[in-house]
Structures are given as structure tokens and as C-alpha cells.
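This report refers to the structure that appears directly beneath it.
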Protein chains: 4
Amino acid sequence: MTTPLRADAARNRERLLAIARAAMTEGDLALQLNDIARRAKVGVGTVYRHFPTRRALVEALADGAFATLVDEARAASRHDDVWTGVEILLRALLLRQVADPAFAEVISTGPDQDATATTTEHREQWSAAARVVLERARQAGVLRPGLTDDDLHHLVCGTAFALRIGDEPTLRIDRYLRVLLDGIHAAERNGVNSGTAGLQARRARS
Amino acid sequence: MTTPLRADAARNRERLLAIARAAMTEGDLALQLNDIARRAKVGVGTVYRHFPTRRALVEALADGAFATLVDEARAASRHDDVWTGVEILLRALLLRQVADPAFAEVISTGPDQDATATTTEHREQWSAAARVVLERARQAGVLRPGLTDDDLHHLVCGTAFALRIGDEPTLRIDRYLRVLLDGIHAAERNGVNSGTAGLQARRARS
Amino acid sequence: MTTPLRADAARNRERLLAIARAAMTEGDLALQLNDIARRAKVGVGTVYRHFPTRRALVEALADGAFATLVDEARAASRHDDVWTGVEILLRALLLRQVADPAFAEVISTGPDQDATATTTEHREQWSAAARVVLERARQAGVLRPGLTDDDLHHLVCGTAFALRIGDEPTLRIDRYLRVLLDGIHAAERNGVNSGTAGLQARRARS
Amino acid sequence: MTTPLRADAARNRERLLAIARAAMTEGDLALQLNDIARRAKVGVGTVYRHFPTRRALVEALADGAFATLVDEARAASRHDDVWTGVEILLRALLLRQVADPAFAEVISTGPDQDATATTTEHREQWSAAARVVLERARQAGVLRPGLTDDDLHHLVCGTAFALRIGDEPTLRIDRYLRVLLDGIHAAERNGVNSGTAGLQARRARS
DNA sequence: AATGAATGAGCCTTCATTCAT
DNA sequence: GATGAATGAAGGCTCATTCAT
């Protein structure tokens, strides 16, 4: 009642984020701003002030997860074991997506658009940290050759998608991740059989 | 096929399908019936007569690809080499999705809802044929244990998704498919690093 | 197979009428021509050939009832007892409406529009016969003065409406008809109290 | 009344009601929300905000008449003369319908559906007040036996219908009302001709 | 005659966004 | 800043009617 306008606004912002997060978690991926306003018992105008577009709201929702991910990526880059670093990195990217649909949406989408400054920054920090991990893996020869950073990024997003389209995603995380990690690991495969030729090249047993 | 369509009706139907396919291929995944009508220079009613819902149209678009896929799956089941059968099977599933967004939508989606008879039938035939291939592979011990038919289905859809969210999907198909196939192959992995337990164990220490 | 075209058409016509009647009786008062065509497994065109407009169909449905009504009205005009004639006349008009929604629609509606020849004729015959009955009643002084033929017509339609808007119309027919007939009977009321002044004029007991 | 409407919103609401009332009075019983919006030179959304369904609009239009009717019914129940109370009650019910087509629609329709709270309340208040009047009349023996409250309700609605389907309804009100009131009055009828049995008996002979 | 495909006006409804209060 | 009423483009869908086959 004094003049804590900032506090007021901040409280509103958190309120909106909480409600939006709840909505998304409940599976309401449309996330209509009008709807959020109504649920939050706040005028639409207020929502628009804080989040001028649906995308802005989604990015705001994803911010926390994205920040955490950056930390995890940096931690991964400091890990002693190079391959374990890769595992930590990709597992983190996967887990964040499974846990947070807003983040999944942001990360599966190109950096284009009119992204938030924060999101752009996160994206760059994440790329940088990931680059370190993956480059080390390549140097060490533990990462299957021919896969770019983007490829790995896409593959993890694909794995998250694979989890989403089935029941009980969380129960399947480890299984699917294992498949991915083994798939991208530089194989002590008997040389011949990587690349496109795979279909006819046969390994030891058939 | 069901009812012998009148010549003009058949022509219209094909016209609509062609235009709808074009729209989807251009990336217009919304595929609004009104829009299709306008593009086809046809009354809305005509579109609704042929395809009472968006879903019906998408399924009609996917029909051809789905039929082909069933054939390919059956061919896979007849292949001499068991593992090659798996490769053919999954590669086919992936290729159809990359080539046809409508099919990708149908196949990534549960069988529920009020699906077309044709679609339902295709789905069953596909499942049956795939089951044969995968079961043989399990018997032969070439398929990584613990993966259900559904898991593999989801993983291929995830791979298709991974291709979609990057540039030039077609150029990356083989690379991503290789990763997947190696990931699901029963490994003569060198002990340490297989099994689900690996990562958690390591993380605990990190 | 010879060339019984007429027979063919006639059969179709009856078929359509039967189905339309069923539809109306089931409470589908919209009576959409497309719908009738579908139910009759006949092309829309066929329906339109026989009944160029919904109204034409409704009138055709009502024809039988209307013809019967004319007979009943003529019978009423021949009845020995003048007042009984009135009762028979109005009861018939009411019963036809309760039994046949199509007829109720036709009879509650002015003669205007582009009515069928048959309907117009029926309407005239009915009016003529009713006029006889009612005029006799007026001459005999048994009909409340001040009520025109049209008034009585409207009042019966109103009674039919009163039956329609409640449950179990048929069970209430006699009750409502009794009210109407007593209301229009020339009262051996004690003179004073007919006309608008009613509200304050009181009869014997209050 | 429920929520203190913003000045402009209230103005709009009244505007819409006025225009809708005009439309109905002109005989446009369809009362399409789009149409009202256009006539009012207002966005469709505005209409939908105030009246989410056609029914809501009709009920809003009827509110005033319904409230008045409740008052009139209560006044009727307080009248010294029992029969006069009945006359006042039914006359009021009839007049409101003739004056207001929206009210006529609401009152001729069952209480089911998703009615407005206000309407539901009015309906209950009206029923209660009417019950008092009619029960007193039954006790006093001035109301024809065998007629339920609903019967009387229906009969008045029927009378309103009878007025609607002819020209110059207002000029015929008293005439028709007189018929109804005499019809439902407990008759000191001269024996022969009262009771439901009368007509059938006679018809048997005809 | 019969058919039923095509037409398209037009109703219903939602929702992102603006802006007066 | 907050509010929420207003806006209206746009999509969904139905159905009376026409007309080529």
C-alpha cells in the first residue's frame, strides 16, 4: 500500500508463470494468453504487458530449465571421463525436455524468430558448453565420426519426442537414452560397416 | 475402392488430395479444409463431402504410404537375414515419414479416435508384419533385449522428428538411421558400458 | 422392367412421404429434404422433383388429414343437434393436429404463400363446411356471440399448441377441449358479465 | 446487477438488448447473434461476451417481463376476491406473452436446459405465486376441477399462440381471454352438458 | 426420371490483440 | 500498471438448391 509497484508486478509475473506452467503440465499445450489471464484472475492486458506473445511466455517458462541445463553442460565439460561427459550432457538435455514441455518446445525450435534476449543467451552458452564436451569426445575418438553438434542436438530432441508419443515417458527414459548413447558411441565395430552401406555390410553374427 | 466413385467426383477427390499434399509438403501442417477448398477452387462442401474432418483427409493422404509400408514390412519379414530384416523394416518406417508428412502424423499418433477403416486395417497389418520381424530378431538374439515393438516404433518416429527439425532432412537420414540401428542392435559390447546401470552409477560419483 | 415409369415415380413418392412422416412423428420438425433423401436412399434430386420445397412436402403429408377433416366437417354440418355439430367440428380440427404435426403446421398457417392447389382447395372446402356449422350455431344462439369463424379456428390451434407444449398430449385432449367448448358456448350466463368488463363483474358465487 | 458492469459495457448491453428486442418485435424470431451484432454495429465477440447463446439473449430480453409477471402474480394472490385473483393471474400471463415475444418463448418452454439463474428464479417465484392463487380458487370451488396448474399454464400459452397466428392480436385479447376464463370456471352448468363424457356420448350416437 | 456431386452463402464460434477506463 | 470490454478476422460446419451425368 506504500508504493511497492515493482513488487506487485513481480508477484503478478510469478503468478502468471506458475499458472502457465500448471496449464502446460496438464497438457494444455495451446497455452492461450486469454486463458491464462482468466485462470490467474488477472486482466488480459496484464498478461500481454509481461509476455507480449505466446512465445515470450513459453520462453519465460523455459528459462529456469535452460539455465540449469547450461550449468549441467558446464559440469559435463569438466568431467574427468570424456565419454561420461557426453552422457551427462545428453542425458541432461533429454531430462529437461521430459520434465518441462515449455523447454522442449523452445529447444526443439531453431534460434530464429524474435527470441528473448535471455533465451538467445542461454542458447549460446549451452552451445558453447556442449561444443567443448563434444569436441573433447571427438578428439578422444569416443564419439562416432560424422555426427555434428547439431545432429546430436536433433537426436536428443528426437528421443524426447519418442518418449512423448508413448505412455509413461519417465519409465522409458533410460532405455531410450541407452539406445541413443550406444548408437553415437564410436564403435569398436569392425571397421567396415559404418556409413550408408550398412544394409548389406553384416557384422559377425547375423 | 469402397464405392465406385463417379468420374467427376473421383477427379475432384484426386485434385483435393494433390492440393492437400502440396500444402503439407510446403509445410502447411495445419491443413485447413477451408483453405484446401479455396486453393482447389472448389466449394467447401465438396471438401467436406470427401473428407468430413481434417483427420480423414490426412489419413487419406497417408493411405498410399501406409500401404507401401505394409508391403515393405512383409518383404522385410521374408528376408533371409534376420537383422537385415530389422534394418529394412525400420528404414522403411523412417523413409515413409520423411517423404510424407501426412503419414508421419498418422503413424506418430495413437490408433484411437475415429480412424478410417483403411487406416485401422493398415495399422494392424503393419503391426503384424513388424511383430514377425522383431520377434524373429529377438529369437536370434540380435535385438537388444528390453525393447518392445512399441519402443522401436516410437524410436523411429523420434528419429523422423529429429530429421524434421533440422535442415535438409534427406541428407541426414542414413546417418541418423545408423545411430538408431547400432543403438538397438544386441551388442557384443565390452562389458563395462552396456546396461542401463552405467550412467547412474557414474553420475553418482560426479 | 417393361416401362412402368409412372408406377416407379408413384412408389418413390409414397416412400418419401412415409419416411417424411416417420421423421416428423419422431419429432424432427426441421424435415430437411437432404435428410429425407438420405433416409429414403434416394437422390436429393428425386425429392426435389416430387416436392420442390419443404412446404410442398409438409402439405403433401398433411393432405390425407386435411381431406379427412373436410369430411368430418361436412358430417358435422349434417348433425341433428346444432351444438353437437360444433363440438364434432372443433374436436375433429383438434384431433387432426394432435395426430399429425404436418397438418398442425399447415393449418396454423395463413393461406398465403405459394400453397399447393390441393391444400388451397381443402382449405376452402373446410372453411365452407365449418361456416355452415358455425352459422347454424349462431342462428340457434348456442354459440357465444362475437366470435368469428377465424377466432374459433385460432382458438382450436391454440388448444393444439397447449397440448404440444406439455407431456402426454393425448391424455389431455378431452380436458382441454372441454374447456374450450364450454368457453365458446353461449352461456345461460346471467347476462351482465360477458365482454371485456368481466374482471369486475362477478357471477353468483365467488 | 450481478457484477457492476463497466459504464461502456452496460451501454453496449442495453444497446444489444434494444436491438434484439426490435428484431424480435419485427418478427425475426430466429434472432441470430451474428445478425444482432451487425445491426448493432458491434463485433460479434461483443455479443457473445454478453450473451453466450441465443437462449441467454432471449432470456435476458424476457427478464423484465418475467419480473413484472411475478409481481402481478403476487398481487393476484392478495386480491380479496378469489376468482378475480385467477383472472388477474391468467390475464397477466397472457398479456406479457402478447407484448413480448421473447417472454412468450421462454414461458412456453420447459425449465430444462441451461437456463439463466435469473430465469430459473423467476420461474420458481411465478410458480409459487400462481400456486397460491389457484389453490385458493380450488378450495373455494370456483375453479373447474381436474385442471392442474400446468394445464392452466399450457392453456394460457395456447391462447397466446391463438392470438399470434391471427391479425391484430391485441384487439382479440379480451375476447379470447373471456373464452378461456369461462371455460375454466367451475360451472353451475345445467347438468347435461358438462363433464368430459358429454361429447363422446353424443358422438357414439352420431 | 433418377442420381448424387458440387456449390457457396451464411451461421456459429473462438481467440489474438488493442485500447479506453 | 492493471483491467477487461471490444474487436473482427478467420476457421468450422451445415444445408438448400442446382445441374451434369
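None of these values were measured; they are calculated from a predicted model. Each chain gets a letter, A, B and so on, in the order the sequences are listed, and its residues count up from 1.
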Out of F:dG12, E:dC15, E:dT3, which nucleotide sits closest to the side chain of C:N12?
E:dT3

Any B:H50 side-chain heavy atom under 4.5 Å of B:V42 side chain:
no

Would you say C:R54 places a side-chain N or O within less than 4.0 Å of OP1 or OP2 belonging to F:dA16?
no

Could you check which residues of residues 36-47 of chain B get a heavy atom under 4.0 Å from DNA chain E? Sort them by number, please.
B:V42, B:G43, B:V44, B:G45, B:T46

Quick check on F:dG1: is either OP1 or OP2 less than 4.0 Å from any side-chain nitrogen or oxygen of A:H50?
no

Whole-Å distance separating the CG atom of B:L57 from the P atom of F:dC13:
12 Å

Only Watson-Crick and G-U wobble pairs with both distances less than 3.5 Å should count. Give DNA chain E in dot-bracket notation, marking inter-strand partners with |.
.||||||||||||||||||||

Figure out the CD/C1' separation between A:Q32 and E:dC15, and round it to whole Å.
7 Å

Atom-pair distance (CZ on D:R15; C1' on F:dA6), nearest Å:
12 Å

Please name the pair of heavy atoms, one in C:V106 and one in C:R123, separated by the smallest distance, quoted to 0.1 Å.
O-NH2, 3.5 Å

Any B:V58 side-chain heavy atom under 4.5 Å of B:F51 side chain
no

Tell me the interatomic distance from B:F51, atom CZ, to F:dG12, atom C1', rounded to whole angstroms.
17 Å

In whole angstroms, the gap separating P of E:dT17 from CG of A:D35 amounts to 15 Å

Among A:T120, A:T116, A:T53, exactly one meets side-chain hydrogen bond (donor to acceptor under 3.5 Å, both in side chains) together with A:E59. Which residue is that?
A:T116

Round to a whole Å and report the spacing from CG of B:L33 to C1' of F:dT14.
14 Å

Fit a plane to each ring of B:F66 and B:H122, take the angle between them on a 0 to 90° scale, and name the class: parallel (under 30°), tilted (30 to 60°) or perpendicular (over 60°).
tilted

Nearest-neighbour nucleotide for the C:Y48 side chain, E:dA16, E:dC12, F:dT18 considered
F:dT18

Contact check, side chains of B:P101 and B:R164, non-hydrogen atoms, under 4.5 Å
no

Not counting sequence neighbours, list each pair that qualifies as a salt bridge (charged side-chain N to carboxylate O under 4.0 Å, His left out) and has a residue in residues 29-44 of chain D.
D:E26-D:R39, D:D28-D:R39, D:D35-D:R38, D:D35-D:R39

Taking for C:N34 and for D:P52 the nucleotide of DNA chain E with the nearest heavy atom, the one nearer the 5' end belongs to C:N34

With a 3.5 Å cut-off and just heavy-atom distances, do the side chain of B:D8 and the base of F:dA20 make a donor-acceptor pair?
no

Separation of atom CZ in C:R11 from atom P in E:dA2, rounded to whole Å
10 Å

